[in-house]
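To start, the structure itself, in structure tokens.
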Amino acid sequence: MSNVTQEASQPSEEAARQAAALTATAVEALPEGRLAQQIDAGAPLRIKLGIDPTAPDIHLGHTVVLNKLREFQEDGHKVVLIIGDYTARVGDPSGRSDQRPMLDPEAIDANAETFMEQAFKILDRDRTEVRYNSEWLKMQSDQLFALMARSTVARLLERDDFQKRMAASQPISMLELMYPLLQGYDSVEIDADVEVGGTDQKFNLLFGRDMQAAFGKPQQSIMTLPILPGIDGVKKMSKSTGNYIGVTDPPEEMFGKVMRVPDANLEEYWQLLLSEDPPMEEGPNEAKRELARRLVARFHGEEAPAAAEEHFNRLFVRHEAPEDVEDLEFGEDPAHMPALVATAFNVSRSEARRSIAQGGVKLDGETLPPEPLDYTANELDGRVLQLGKRRFRRLVNGS
RNA sequence: GGGGGAGUGCCCGAGUGGUUAAAGGGGACUGGCUGUAAACCAGUUGGCUCUGCCUACACAGGUUCGAAUCCUGUCUCCCCCA
């Protein structure tokens with residue numbers, strides 16, 4: 001590839017220092033040493049982040065990258081946030097072993113709105129430029145052909161995801177093949193100097209360089225960051241696998257979810273989210289609590305963690321019902337317990353029956369015996385019905 | 001255009017005429033242990049008016065005493081050749 005933008009000059013000490021600080025937590029920053037040179041050139045850099053508004057909520061996984069962008073901003077650089085409203089319709093094949101469905105434009109717009117609102121909890125609005133890639137990707141087919149002419153199938157098929165799918169006889173749609181081209185073209189349009197993303201984005205990020213070169217533009221450097229695993233500690237955090245902690249999760253929920261993260265991932269979480277080592281002197285439980293406190297404070301304010309932790313202790317350490325249990329009106333007298341459990345917790349009656357038989361249903365903390373199944377209204381009124389460890393309803397006689 | 005293959009429960013995946021609500025695994029749920037961690041043990045995982053009944057193996061028909069399993073048509077997907 002072209003090296004027209006490469007100059008062999010030695011960066012100043014200050015530029016080298018700044019670059020080193022920025023790349024400290026990165027997995028890779030390519031080409032080697034390039035960032036220091038870019039910083040040394042003096043002008044504020046344009047840092048690109050493309051986001052796919054496929055799901056509206058930002059979770060902690062996103063914040064790893066957003067925090068990095070924030071660091072760039074603090075050094076005086078400019079973030080260009082690209083809402084991939086157009087590419088979202090294509091679907092990023094990264095890390096996918098199957099195709100994903102196309103989204104309709106309304107959903108994408110709504111998602112983008114929410115996403116940005118949340119992103120500015122971390123990013124500095126004044127140093128952020130927001131662009132929608134439909135702005136330039138809604139192009140004529142002759143323009144599209146020009147774009148396509150600058151890449152090759154062989155180059156695209158190099159990527160791991162595609163190799164795997166080919167080997168497994170899985171489909172690869174033409175549209176997916178186009179994805180890197182489109183994302184790469186974003187870099188051309190906005191004159192990106194640096195593009196940041198998760199390690200799973202490496203191919204796409206590098207492809208942006210190819211596209212810029214093909215269009216005679218200076219090439220961006222790229223930085224990949226570690227991927228934060230989800231609550232299961234194994235898979236990448238994402239909404240679709242349900243293993244995510246959303247930045248808008250209520251404090252109690254956020255606290256609880258953090259506590260469920262496996263010990264084995266503690267260090268990773270501390271490093272990626274707080275850029276510190278976990279304080280292990282008082283054991284992993286305390287280190288995890290501290291992590292939960294700090295995260296809740298970050299997204300809900302300094303006052304929030306105390307109440308969230310108390311809620312946690314109440315429910316899971318002391319095994320008591322929460323203060324504010326939702327009411328459930330019941331009318332029958334006597335009431336049939338399986339029916340009651342089914343409506344209270346939105347499960348099937350069969351499931352309710354099984355749970356009772358397995359000792360998973362409690363009334364005011366007392367496990368219900370398998371018999372009897374009918375209770376008088378007096379026996380139930382005002383008491384707390386519980387399914388499993390964390391589902392509660394206060395029974396209220398509505399008749 | 002031609003040839004071949006596949007569609008099973010939340011997911012993967014066995015099953016090629018009857019003891020199959022359907023092996024096995026994953027996930028999930030419940031109980032035990034506990035630090036709502038991990039590991040481990042046990043149970044559950046279609047619905048219901050539950051010792052029984054109903055609905056289910058892409059969809060619609062058909063053959064049969066009896067079908068997820070055989071036949072026909074439809075839909076969807078994959079591979080190969082051109």
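Lettering of chains follows the sequences in order, A, B, ..., and the numbering in each one begins at 1.
For R349(A) and U49(B), the shortest distance from a side-chain N or O to OP1 or OP2 is below 4.0 Å. For the OP1/OP2 pair of C48(B) and a distance below 4.0 Å, the side-chain nitrogens and oxygens of S348(A) include at least one atom meeting the criterion. OP1 or OP2 of C48(B) sits under 4.0 Å from a side-chain N or O of S350(A).
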| task | Could you please spell out the steps behind the salt bridge (Lys or Arg N to Asp or Glu O under 4.0 Å) verdict for R383(A) and D364(A)? | result | CA-CA 6 Å; R383(A) 307 181 76 183; D364(A) 274 356; 3.3 Å; yes
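The main-chain N or O of H59(A) is found under 3.5 Å from a side-chain atom of H62(A) such that the two form a donor-acceptor pair. Put simply, the side chain of N313(A) never gets that close to the backbone of R318(A): no donor and acceptor are under 3.5 Å apart.
Nucleotides G43(B) and G24(B) have their P atoms positioned 12 Å apart, rounded to a whole Å. Taking atom C1' in both G32(B) and A67(B), the straight-line distance is 44 Å, to the nearest Å. Nucleotides C59(B) and G7(B), compared at atom C1', are 11 Å apart to the nearest Å. U16(B) and C71(B): their P atoms are spaced 14 Å apart (whole Å). Comparing the P positions of C29(B) and U74(B) gives an interatomic distance of 44 Å, to the nearest angstrom. Spacing between G46(B) and A56(B) at atom P, rounded to whole Å, works out to 16 Å. When the P atom is used for both G15(B) and A58(B), the distance is 15 Å, rounded to whole Å. Atom name C1', nucleotides A14(B) and G9(B): the rounded distance is 13 Å, in whole Å.
Relative to the six-membered ring of F203(A), R155(A) meets both conditions, a distance below 6.0 Å and an angle of at most 45° to the axis. Cation-pi contact between R293(A) and F255(A): absent, since separation from the ring centre below 6.0 Å together with deviation from the ring axis within 45° is not met.
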Under 3.5 Å, which N/O atoms of the protein pair with N/O atoms of nucleotides 8-13 of chain B?
none

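Side-chain proximity of D263(A) to the nucleotides C48(B), G31(B), G35(B) is greatest for G35(B). Comparing atom distances between the Q358(A) side chain and each of G35(B), C48(B), U44(B) picks out U44(B) as nearest.
Of the two residues contacting RNA chain B, namely V361(A) and E252(A), the nearest-nucleotide position lying further toward the 5' end is that of V361(A). Residues R289(A) and R354(A) each lie close to RNA chain B; by heavy-atom proximity, the contact nearer the 5' end of the strand is made by R289(A).
Ion pairing of D124(A) with R70(A) is absent here, as no side-chain N (NZ or NE/NH1/NH2) approaches a carboxylate O to less than 4.0 Å. Of the charged side-chain nitrogens involved, none lies within less than 4.0 Å of a carboxylate oxygen, so that R354(A) and E351(A) do not count as a salt-bridged pair.
Residue V261(A) is in sugar-phosphate contact alone, with no base atom involved, counting any heavy-atom pair closer than 4.0 Å across all strands shown. If you check every strand for non-hydrogen atoms under 4.0 Å, R391(A) touches sugar and phosphate atoms only.
Rounded to whole Å, atom P of C29(B) lies 12 Å from atom CG of D232(A).
In RNA chain B, stems built from 3 or more consecutive Watson-Crick or G-U wobble pairs, each with both distances under 3.5 Å, span B:1-7 with B:75-81, B:10-12 with B:24-26, B:27-32 with B:40-45, B:46-48 with B:52-54, B:58-62 with B:70-74.
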